[in-house]
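Below is one structure; the comments refer to it alone.
The basis for the numbers below is simple: all heavy atoms, side chains too, and nothing from hydrogens, waters or symmetry mates. Numbers here are sequence positions counted from 1. None of the values given here were measured: they were computed from a predicted structure.
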Amino acid sequence: MIYLHAKKIIIVTIGAILNAVAMNYFLIPANVYSSGFVGVAQLLSSVFGNFMTTGVWLFILNLPVTILAWKKVGRSFTIYSFISVFLMSFFLEIVPIINVSKDILLNAVFGGVIAAVGTGITLKWGASTGGMDIVAMVLSRMKDKPVGTYFFILNGAIIVTAGFLYGWEKALYTLVTLYVSTRVIDTIHTRHEKLTAMIITKKSDEMKQAIHSKLVRGITTVPAKGAFTNENKEMLITVITRYELFDLERIIKSVDPNAFTNIVQTAGIFGFFRKE
């Protein structure tokens with residue numbers, strides 16, 4: 001367990017460094033904006049000049065949502081997310097702002113890719129980079145509705161403000177960064193809010209107990225039989241949020257490393273889905 005926590009902190013640290021490098025080497029020098037709270041922090045830093053840096057704004061913006069996550073989401077997720085935000089704010093302050101390229105398109109693409117890799121690996125290991133990820137998780141638990149609209153509104157406001165401040169060409173390049181980031185995060189982790197896991201295992205009883213003890217999610221079991229081996233198995237079907245994917249993967253590997261699991265996007269749910 002100590003090894004797992006240490007590894008998780010290392011991954012979160014790497015993610016924070018990658019985000020800081022993407023910002024200070026590519027996006028900030030080119031006046032291209034990131035998504036979510038990081039983009040808002042960039043905007044505030046630009047509007048208020050040298051009053052506060054992007055790193056300081058990012059930390060301040062995340063304080064209220066961290067408190068909200070502590071009450072609504074869970075301590076483990078919140079602690080690692082706070083560590084991620086703190087480290088990112090810290091590295092934004094110590095990593096020098098260097099204009100690596102004068103080509104704004106290269107800055108937009110490479111900044112978006114590097115930041116998305118940092119965010120993606122952080123999400124994959126059961127934490128987040130704070131900001132809108134935490135807001136999305138709280139809203140999805142409280143309202144059980146898609147939160148894409150909230151992302152769209154916030155990122156839309158960032159793009160429009162970037163257009164007014166630096167011209168609409170910069171706003172379009174910001175849109176390129178947002179698109180690239182989303183695609184890369186999809187590849188590494190997932191942007192989908194809810195996922196369906198279909199687990200085929202010979203240790204169904206142990207698997208059900210382990211999942212219930214950690215996630216408290218409903219599970220449907222279906223008899224299954226291997227077409228090649230003719231072995232009798234069971235398929236466990238459960239719907240989770242994307243933030244629970246890390247825990248589910250760990251449970252499956254610890255109970256039955258040979259289990260076959262298929263994770264698919266869930267477009268919608270009718271009926272009861274635990275929110276708290």
Side-chain angles (χ1 to χ4, degrees), residues 8-9 12-13 15-20 22-24 27-28 33-94 115-116 118-120 122-123 125-162 165 174 178 181-182 185 189 191 193-194 241-244 246 274-276:
K8 203 168 178 178
I9 290 175
V12 167
T13 303
I17 293 173
L18 288 174
N19 271 286
M23 296 295 298
N24 287 357
L27 300 183
I28 290 177
Y33 288 85
S34 183
S35 63
F37 276 31
V38 182
V40 175
Q42 280 180 269
L43 284 175
L44 291 172
S45 180
S46 299
V47 170
F48 291 100
N50 296 323
F51 177 65
M52 279 195 290
T53 61
T54 301
V56 175
W57 276 116
L58 179 64
F59 185 77
I60 292 173
L61 288 171
N62 274 280
L63 286 177
V65 295
T66 301
I67 296 170
L68 181 65
W70 183 270
K71 295 179 179 180
K72 293 288 185 179
V73 178
R75 294 185 178 183
S76 178
F77 177 85
T78 304
I79 288 171
Y80 282 109
S81 297
F82 180 78
I83 292 172
S84 174
V85 170
F86 174 79
L87 289 173
M88 185 175 172
S89 299
F90 173 73
F91 288 123
L92 279 170
E93 293 298 307
I94 65 171
T119 301
T122 303
L123 286 170
W125 278 80
S128 80
T129 52
M132 282 304 294
D133 276 318
I134 292 178
V135 174
M137 190 169 186
V138 172
L139 288 173
S140 66
R141 288 194 171 193
M142 291 173 63
K143 297 182 178 296
D144 198 23
K145 294 180 180 178
V147 294
T149 304
Y150 300 99
F151 279 101
F152 178 78
I153 292 172
L154 181 62
N155 291 332
I158 292 171
I159 293 169
V160 171
T161 307
L165 287 176
T174 295
L178 299 182
S181 297
T182 301
I185 290 173
H189 189 246
R191 274 287 186 189
E193 289 304 317
K194 292 184 177 62
T241 65
R242 66 169 172 151
Y243 305 97
E244 295 168 321
F246 173 80
R274 180 178 175 270
K275 303 173 189 176
E276 296 295 338

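In this structure, W70 and T66 have side chains that are not in contact, with every pair of non-hydrogen atoms separated by 4.5 Å or more. Contact check for P64 versus L68: no side-chain heavy atoms found under the 4.5 Å cut-off. You'll find the side chain of I159 reaches within 4.5 Å of the side chain of L178, heavy atoms only.
Between A22 and A115, the closest heavy-atom pair is CB-N, 3.5 Å. Taking both residues in full, the closest heavy atoms of L63 and F82 are given as CD2-CE1, 4.2 Å, listed atom of the first, atom of the second, then distance. Scanning all heavy atoms of the two residues, the minimum distance from A116 to S181 falls at CB-O, 3.4 Å. T122 approaches S84 most closely through the heavy-atom pair CG2-OG, 4.1 Å.
For the residue pair Q42 and S34, no side-chain donor N or O sits within less than 3.5 Å of a side-chain acceptor on the partner.
Taking CG from N62 and OG from S81, the interatomic distance works out to 9.0 Å, rounded to the nearest 0.5 Å. The line from CG of L123 to CZ of F246 is 12.0 Å long, rounded to the nearest 0.5 Å. Atom CD of E93 is separated from atom CE of M88 by 11.5 Å, given to the nearest 0.5 angstrom.
For the side chain to side chain contact (heavy atoms under 4.5 Å, CB included) test, residues two or more places apart in sequence or in another chain that qualify with I17 are T13, V21, F91. T129 is linked by a side chain to side chain donor-acceptor pair (under 3.5 Å) to nothing, counting only residues two or more places apart in sequence or in another chain. The side chain to side chain contact (heavy atoms under 4.5 Å, CB included) check on I60 picks up M52, V56, with sequence neighbours excluded. Partners of F86 under the ring pair (Phe, Tyr, Trp, His ring centres under 6.0 Å) rule, at least two apart in sequence or in another chain, do not exist in this structure. Not a single ring pair (Phe, Tyr, Trp, His ring centres under 6.0 Å) links F37 to another residue, sequence neighbours left out. The side chain to side chain contact (heavy atoms under 4.5 Å, CB included) test applied to A41 returns T54, W57, L58, L61, not counting sequence neighbours.
At least one donor-acceptor pair under 3.5 Å links the side chain of N24 to the backbone N or O of L92.
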